[in-house]
Every structure is written in structure tokens, then in C-alpha cells.
There are 2 protein chains.
Amino acid sequence: METKYGLEDISQATISRMATYLRCLTYLEQQGTSILSSRELASLTGASAEQVRQDLSVFGRFGKRGTGYDVVGLKTEVEAIFGRGVEQWKCCIVGVGSLGTALIESRMVQKWGFKYVAAFDTDPHKIGTRVERIPVYSLDELKTVVRRERVAIGVIAVPASSARTAARILCEAGIRGILNFAPQSIKVSEKIPVLSVDLSQEFLKLSFYIQRAEQRARDEQAQIDTASHSE
Amino acid sequence: METKYGLEDISQATISRMATYLRCLTYLEQQGTSILSSRELASLTGASAEQVRQDLSVFGRFGKRGTGYDVVGLKTEVEAIFGRGVEQWKCCIVGVGSLGTALIESRMVQKWGFKYVAAFDTDPHKIGTRVERIPVYSLDELKTVVRRERVAIGVIAVPASSARTAARILCEAGIRGILNFAPQSIKVSEKIPVLSVDLSQEFLKLSFYIQRAEQRARDEQAQIDTASHSE
DNA sequence: CCATGTGAAAACTTTCACAGCG
DNA sequence: CGCTGTGAAAGTTTTCACATGG
């Protein structure tokens, strides 16, 4: 039951893959699968089998040689790595626009031990209402509420122009980490982790990959044409 | 004006940073900044100055030695790299739940040359309505509409259990790329790029970083305590 | 003199190959 | 015998150092 690991020197890529493994393990558990090999987990997640083993070995030895991994056991270990069981992560949302509302409504997050306890906005029409039972407060109340409720994670879902102000207030309130959905890079104290997700950037990246894929297809076609021509 | 580049062998990390540079350049253009150095762009984006120069050098030589980069000129070049100007990217959304609606309502995407032209759902109450002027069709009509409108990008915003079906239908309709917001890995033909964004995974990652940051802080504090004790 | 652009070194990540164990 | 766990090799990315040119 020892899950001893120095939390340092673990690459972002490893953490991303660990999160993906966890999602797959949950799915497999629901399916009733009890044992799986690194190869199977690899093919489900798009990684290589060696990479799966390497990633897991950073945190401990969870498998049985000759057999593989116990799905439930490994899932429990990976959940522990992500802090599940240690605590219920209380979250708040700053910005109750369509994205903020969507984030609250998508209950995805509850499944992993996260829980929204408050939302904040500057719009007087929204203040005092509730979104899925979560009360919407004025931004002025943020510090008080975050401190009182001991909110751990602040989710920024405001326009880019207000993002930095939101981050500053959250930090002053003693937030422990920030998830930023505004298309604006955020700088706070080194001690507060900030993770930014820029949805429009994903569209840009995809359009690049599309162009590249289509360019490759054209190149291949050209090669086939040349080959058949020289026959 | 030459923007010649082999679109191959460019790392995902470089593309992500390029998208971030583009966001900053747009911001700087609005601010009225006309010239900037690699160092300034680096500090705005969190990369290093060398990395900025290395990234840009993959695509061409856009700067003036001793001076820096012309904001508008560089922005135009980077936009071209992402396919801006080449075409208006037509998008469709599969799944008009809160996330799908939020994606349509957040106009962020229009700014970069993307445009929603259709949405699809299986809910009879939604079919025939409009979300921000975008018509909602039945999923059965997807192939016809995507082909007719020559939709380039399909955005999946359905629950995990329906994601693969959605992807399959999109591919059959001749979509050129997929942006997947469902917490489910998607496998399609090698030729169709798929980019997945799993929001709940971001929460998990953040909780890991919070634990690590707090562990570090405790370790540092312990060292200070030890040091002062041995005095 | 300044900041870019770029080979080369350092650091890091992934893959390989196989020892070790159920 | 099969699959994990792991050092070492191969490959990739980042940083360094400096030549180059406005």
C-alpha cells in the first residue's frame, strides 16, 4: 500500500498520460475487466507499452510479472497519485457565462473528487441566483467566500481582459491552484500552479494538422503518379 | 513574402507555442506595439528567447538583426502558417448540450477564421431550433449537411459513450479534422487529424501540480527549520 | 552595438533489450 | 512462458554560444 514518490522531476507529458490511464482504468473497471497488460493499456491510450511501464515505474511497482496489472488496484494507486481520497477538492468558478455554466453543468468533474461550491460574476442579474444548486456571488465577495469555504481550485471563465484581475483576486484569497480558460497568459506567484486551456488555440492547432495531413496525402499521390509514369 | 516550409517534422510543442505567439501578437497589435524582440515575446508567453527564435526559424526568417520582429508582419506570417487567408474554416458541432452551446456562443473562434455553419443533436426538442443563428439538425442529416456545406472541422461535444459513433459519422461524411471534447479516446483513419481536449483531465493534472507545489513548500520550510535549529 | 539566426552541446524523453519473477 | 521493471541506447528538444548583419 506504499505509494511513495518524490513528486519532483515528473514531466508534464507523464502526468498527462497518467490522467489518460486513469480514465481508461475507470472505463475498464465499469466494463468488468479485472486484469490488463501494459500493451493493452497502451493501445487504449495511444502510448507504447514501454512508455506505460516507464510512466508507472516513476510512482512505484504496481504489476505482477507474467500477469499484468490488476485494474481496480492500479486505478486506486493512480487515483491516490492525483490526490483522490486525500481530500475533496473544492472548486469555484469566476465568470458565469456560457463556458462557466457549461463547466458547472458538466458533472464530469464530480466523478474525480472535485466539487463546485461557489460561482462569481459581476453581472447584477446573475448575482444571488444559482446554477445547478451552486450559488452565484458578487466578485466582491470572492475573498470572503473562498477563505470561509476553504476553496482549493479557482476556475477562470471570464473574457481575456478580466482574466488577470480574476487571478489576482483568487491568489489574494489564498487559492491553491488556478485553471484558466481565458485566452490570456496568467502570471502569479511561483507557488500557485496555473494551468491554462485555450480553446481557440486548439482550433488553430487542428487547422495546422489538417493542412499537414493533406499536404502529405498530396505528396504521396504525386509519388504514386511519378512512379506509374516512369513505368 | 515567401513562407516556404515543409510541414513535416514539426513538433506538437512547437505548434502549441506558435499558437500562443499568435495570440500575443494579436494582443500587441491591438496595443499598438510595432516592434518586439524574441526576449519580449518569450516573457509574454513563458518560453525562452532562444526557443522563440528556434521555433520561428523552422518556418522562415522573419526578424531584422539588431532590431527584432515587426509585430504586424510576424502576425501575418504566423497566421499564414496556421492557414489563415487560405480559407475560412467551416465547423460543425455534434452535441448541443451546455458545452456545445458554450462553444458556439463563445465567439473566440470567429476571430481566427473559423465559422460554425451547423450543429447536430439527437434530441427532438433541439432539432429545428437555432443556437446563435446556427441551425440544429438531426444527427441523421449530418452526412448530407457536411457534404453540402463542405464542412472542414467537426467538433464533438457529446457524452463519452456517443463520441466514437459521432467520430465515425463525421469521417464517413468526409470531414477533414476532428476536435474531440468527450472524455474518450478516438481512433479514425490516420489521414484525419483528431485533437482531443479532456476538461476533467485538466482538473486532475492541476490537483497533482498543487500537491507537488505544496510538498515543495513544506520541504523548503523543513530545511529552513533544520538550518535554524543547528545554529 | 544590438538582436537575430544557427550549429553544437546539454538535457530530457522515448525506445530498446533483457534480466527477473510469478 | 509471459509480462513487468529497468538500465542503457537512440532520438528529440532545449539551451548555449557565437557568427552574422542591420
Side-chain angles (χ1 to χ4, degrees), chain A residues 2-21 24-25 28 33-75 77-78 81 205, chain B residues 2-21 24-25 28 33-75 77-78 81 205:
Chain A
E2 42 156 355
T3 310
K4 239 179 199 170
Y5 41 88
L7 291 171
E8 312 217 10
D9 297 333
I10 295 167
S11 75
Q12 261 180 251
T14 298
I15 293 303
S16 280
R17 283 191 302 264
M18 290 297 288
T20 310
Y21 302 154
C24 285
L25 289 165
L28 291 166
T33 314
S34 60
I35 295 289
L36 95 164
S37 66
S38 57
R39 185 178 302 192
E40 291 168 302
L41 188 50
S43 92
L44 285 167
T45 58
S48 70
E50 297 86 350
Q51 194 151 65
V52 169
R53 296 204 299 273
Q54 195 79 267
D55 286 337
L56 295 177
S57 76
V58 174
F59 300 99
R61 269 171 281 181
F62 308 122
K64 275 201 176 67
R65 298 186 185 208
T67 312
Y69 302 88
D70 175 65
V71 171
V72 177
L74 185 57
K75 185 192 154 220
E77 295 284 2
V78 178
I81 290 163
K205 278 157 49 175
Chain B
E2 43 158 351
T3 311
K4 241 180 198 171
Y5 41 88
L7 291 171
E8 311 217 10
D9 298 332
I10 295 165
S11 76
Q12 261 182 251
T14 299
I15 293 303
S16 280
R17 285 192 300 267
M18 290 296 290
T20 311
Y21 303 154
C24 285
L25 288 165
L28 290 165
T33 314
S34 59
I35 295 289
L36 96 164
S37 66
S38 57
R39 183 178 305 193
E40 291 168 303
L41 188 50
S43 92
L44 285 167
T45 58
S48 69
E50 298 85 351
Q51 195 151 63
V52 170
R53 297 204 298 276
Q54 195 78 268
D55 286 338
L56 295 177
S57 77
V58 174
F59 300 98
R61 270 171 280 182
F62 308 122
K64 274 202 178 65
R65 297 186 184 210
T67 312
Y69 301 87
D70 175 64
V71 172
V72 178
L74 186 57
K75 185 190 155 225
E77 295 282 3
V78 179
I81 290 163
K205 279 157 49 175

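Reminder, nothing fancy here: chain letters follow the sequence lines and each chain counts from 1. The model shown is predicted, which means the values in this text are computed figures rather than measured ones.
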For this session: From the options D:dG5, C:dT6, D:dT6, select the nucleotide whose nearest atom is closest to the side chain of A:Y69.
Result: D:dG5
For this session: Keeping the roles fixed (side chain from B:T20, backbone from B:S16), state whether a donor-acceptor pair exists under 3.5 Å.
Result: yes
Problem set entry | Closest nucleotide among D:dG2, C:dT6, C:dT15 to the B:R61 side chain | C:dT6
Exercise. Do A:S37 and A:E40 have side-chain atoms, one donor and one acceptor, less than 3.5 Å apart?
Worked result: yes
Exercise. Could you give the distance from CG (A:L74) to CG (A:L28), rounded to the nearest 0.5 Å?
Worked result: 10.0 Å
For this session: Among C:dT13, C:dT14, D:dT14, find the nucleotide with the atom closest to the side chain of A:R17.
Result: C:dT14
Problem set entry | Short side-chain to backbone donor-acceptor contact, B:T14 and B:I10, under 3.5 Å | no
Exercise. Under 4.0 Å between a side-chain N/O of B:S38 and OP1 or OP2 of C:dA3, yes or no?
Worked result: no
Exercise. Taking only side-chain nitrogens and oxygens of A:S37, does any of them come within less than 4.0 Å of OP1 or OP2 of D:dC3?
Worked result: no
For this session: Just compare C:dT15, D:dT13, D:dT4 and give me whichever is closest to any side-chain atom of A:S48.
Result: C:dT15
For this session: Specify the separation, in whole Å, of atom CG of A:D55 and atom P of C:dC12.
Result: 17 Å
Problem set entry | Rounded distance (Å) that lies between atom C1' of C:dA17 and atom CZ of A:R53 | 10 Å
Problem set entry | Nearest-Å distance for atom pair CG/P, residues A:L56 and D:dT4 | 9 Å
Problem set entry | Residue whose nearest DNA chain C nucleotide is more 5′ - A:T67 or A:Q51 | A:Q51
Exercise. Could you give the CD1-to-P distance, from B:I35 to C:dC2, as a whole number of Å?
Worked result: 17 Å
For this session: Give the nucleotide from the list C:dT15, D:dT15, C:dT6 with an atom nearest to the side chain of A:Q54.
Result: C:dT15
Exercise. How long is the gap from NZ on A:K205 to CD1 on B:I15, to the nearest 0.5 Å?
Worked result: 9.5 Å
Exercise. Checking all strands, does A:T14 fall into the base, sugar-phosphate, or nothing category for heavy-atom contacts under 4.0 angstrom?
Worked result: nothing
For this session: Among the candidates C:dC16, D:dT20, D:dC16, find the nucleotide nearest to the side-chain atoms of A:E50.
Result: C:dC16
For this session: Return the value, rounded to whole Å, for the distance between atom CD1 of A:I10 and atom P of C:dT13.
Result: 11 Å
Seminar exercise, completed: In whole angstroms, the gap separating C1' of D:dC18 from CZ of B:R65 amounts to 11 Å
Problem set entry | Gap between atoms CG and C1', on A:D9 and C:dT13 respectively (whole Å) | 13 Å
For this session: Would you mind reading off the distance between A:Q12 atom CD and C:dT13 atom P, rounded to a whole angstrom?
Result: 10 Å
